[in-house]
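Numbers here simply count residues along the sequence, with the first being 1. A quick note: this is a predicted structure, and the numbers were derived from the prediction, not measured. As the structure lists them, so they are numbered: ligands from 1, and atoms in each ligand from 1. Basis for what follows: all heavy atoms, side chains included, without hydrogens, waters or symmetry-related copies.
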Amino acid sequence: LVSESPAFTDVGVFDPSGKMVAYAGPPPSLAGKDYSEEAWFRRVHSDARGHIISDVFLGFREEPHFVVAVARPIGGQTWVLRASVDPDKFASFVGGVQPTKGVEACVVNEAGQRQTGMGGGPGPLARMPSRDGPASIFEMEHEGRSYVAAVSWLSETDWAVVVRVPRDQAYASVQRTRLILTAIMLVTLGLIVVIVVRSTRKLVHQLEQGDQTRHELRGQLFNAAKLASVGEMAAGVAHEINNPLAIIYEEAGALKDSLDPSLGDRVGDEELRERLDQICEATMRGRAITRKLLVFSRQHDEAPVRLDVNELLDRVLEMKATEFSVSNIAVTRELGEGISPILASRNQMEQVLFNLLNNAKDAIAGGGRITVRTRRDDRFVHIDVQDTGCGMTAEQMEKVFFPFFTTKAVGKGTGLGLSISYGIVKSHGGRIEVSSEVGEGTTFTISLPFA
Ligand SMILES: Nc1ncnc2c1ncn2[C@@H]1O[C@H](COP(=O)(O)OP(=O)(O)OP(=O)(O)O)[C@@H](O)[C@H]1O
Ligand SMILES: [Mg+2]
């Protein structure tokens, strides 16, 4: 045994009284020495299995070692065979099973005390796992370093093998995996961000295109509406001019007939005057329409000048003052200060204001109030013409700017006032808006850019 492994220091045989009767090992021979009081000798005698492995201790040679002892009954008496094992040699055997660099191994006893190996050694282990449980893995501190350690009981002995590895090394692969996972996550995240950004851009682009299409469609629709109103206008003009022409034709025919003696009496002076009056009235109606249309078509003829809006309003209201007071209409002026001049044709602007004021007057029956207001923002002058008249339905509001739309009695309105005003304001780079409430009144707002 001794010659087979350098870990075995010596081998001895002990008689029942505990005396070594045979010795094999390095000199001096320990044969003849009495071991009956040794702890391991007494343990092997009482051990049910008949064999023990002692803890590391100093023997007669004063050198640390542990023993493997086997007891056998021979002739009714117990004889013992013992081998001493050099813990360092044993340790080099245990430590030699080093699968990885930096991994250390040692053997500890039941109390966790180190028996072999591990250089300076981890010292006594604070707690030992239960023998029946699985191998235990825990973290420990030793000489300022952190380790991950595993304890596994050896079968047949009261010893356990402790393997420890520096913490950072133990978790190196975990760390690496974590790094790889983080990298993969970052890459995935990046990809997701790129995809999201690209799809958002695409979506925004599509929305913009949709907007553009909608805009174009609206333009087309507006043009179609314009075309329709040109058609309406033509029909309207024909109708509006046909009516007075029919009246004139009829009256003139009647007068001509009265000159023919075969058809009856000549008409009296009174009737003649009446018929001529009808002709004059019808002619005036036709002329009103053609005049308005002419103004409408010559909109761009007059050169624009710098106009003070407040002054213009004062003049127009002055001209209307008598008419309003007769109709029992009060006028309120709320003219803003520091309003920059606009660039516009005076006649056309007057025409717009007259149209709005006439409409307001017509909407008020039996007295009310017209408020004229001016204000400005950073680009436009806004003129409100507000009345306390009958107001309009939503349906009427949609049509007010269409040529020949009128709710007024035949002969009272041509329905051209607002469509002409709309054209004039548009041609000056401005806009005209309406808000109205049936029974409450109406406000028209003209917005014109500064000169
Ligand atoms: N201030 C208002 N209050 C209520 N309804 C209004 C007002 N202004 C205009 N309207 C309505 O809009 C219609 C069209 O007005 P617009 O000025 O174009 O023609 P009109 O006044 O009928 O005729 P014209 O102006 O040619 O004499 C009016 O007939 C009326 O129904
Ligand atoms: Mg009008």
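Nearest protein heavy-atom neighbour of atom 16 (P) of ligand 1: Leu418 N, 3.5 Å. Here the protein heavy atom with the shortest distance to atom 19 (O) of ligand 1 is Gly415 CA, 3.2 Å. From the protein, the heavy atom lying nearest to atom 22 (O) of ligand 1 is Thr406 OG1, 2.6 Å. Ranking the protein heavy atoms by distance from atom 27 (O) of ligand 1 puts Lys292 NZ, 3.4 Å first. Phe405 O, 3.1 Å is the protein heavy atom nearest to atom 14 (C) of ligand 1. The nearest protein atom to atom 9 (C) of ligand 1, hydrogens excluded, is given as Asn359 ND2, 3.5 Å; this is a heavy-atom distance. Summary of contacts: the protein heavy atom closest to atom 26 (O) of ligand 1 is Thr414 OG1, 2.4 Å.
Within ligand 1, counting atoms from 1 as listed, the ones closer than 4.0 Å to a heavy atom of Ala363 are 2 (C), 3 (N), 4 (C). Ligand-side atoms of ligand 1 in range of Gly413: 23 (O), 27 (O), range being under 4.0 angstrom from any heavy atom.
If you check each of Thr443, Val400, Thr388, Leu356 against atom 11 (C) of ligand 1, the one with the closest non-hydrogen atom is Val400.
Within the structure, ligand 1 has Met392 among the residues with a heavy atom less than 4.0 angstrom away. Note on ligand 1: Phe444 sits in its first shell, one or more heavy atoms being nearer than 4.0 Å. In this structure, Gly389 has no heavy atom closer than 4.0 Å to ligand 1.
Ionic pairing of Glu216 and Arg214 is not present here: no N-O contact between side-chain nitrogen and carboxylate oxygen is shorter than 4.0 angstrom. Using a 4.0 Å cut-off between charged side-chain N and carboxylate O, Arg275 and Glu271 make a salt bridge. For Glu350 and Arg315, the salt-bridge test passes: some basic side-chain N is under 4.0 Å from an acidic carboxylate O. At a threshold of 4.0 Å, the pair Lys361-Asp387 does not count as salt-bridged, since none of the basic side-chain nitrogens sits closer than that to a carboxylate oxygen.
Among the atoms of Lys408, some N or O lies under 3.5 angstrom from an N or O of ligand 1. Polar contact with ligand 1: present for Asp387 (N/O pair, distance under 3.5 Å).
The parts of Thr407 lying near ligand 1 are both backbone and side chain, judged by heavy-atom distances below 4.0 Å. If you look at Asn358 next to ligand 1, there are no close heavy atoms at all, none under 4.0 Å.
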What do the steps show when you test Arg369 against Thr332 for side chain to side chain donor-acceptor pair (under 3.5 Å), and what is the final call?
CA-CA 7 Å; Arg369 177 172 297 276; Thr332 308; 2.5 Å; yes
Using the rule given for side chain to side chain donor-acceptor pair (under 3.5 Å), can you reason through Ser84 versus Thr9, listing the C-alpha separation, both sets of side-chain angles and the distance that settles it, and then say yes or no?
CA-CA 5 Å; Ser84 304; Thr9 318; 5.6 Å; no
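Counting all heavy atoms, side chain and backbone alike, Val400 lies closest to Met397 at CG2-O, 3.2 Å. Heavy atoms only, all atoms of each residue included: Leu418 and Phe401 are closest at O-CD2, 3.8 Å.
Enclosure of atom CG in Asp269 is not indicated, since only 12 or fewer non-hydrogen atoms of other residues, nucleotides or ligands lie within 6.0 angstrom.
Distance alone, capped at 3.5 Å, places no donor-acceptor pair between the Thr406 side chain and the Thr414 backbone.
Backbone or side-chain N, O or S atoms of Thr414 do not reach the Mg ion (ligand 2) at under 2.8 Å.
A cation-pi contact, defined as under 6.0 Å to the ring centre and within 45° of the axis, is absent between Arg375 and Phe380.
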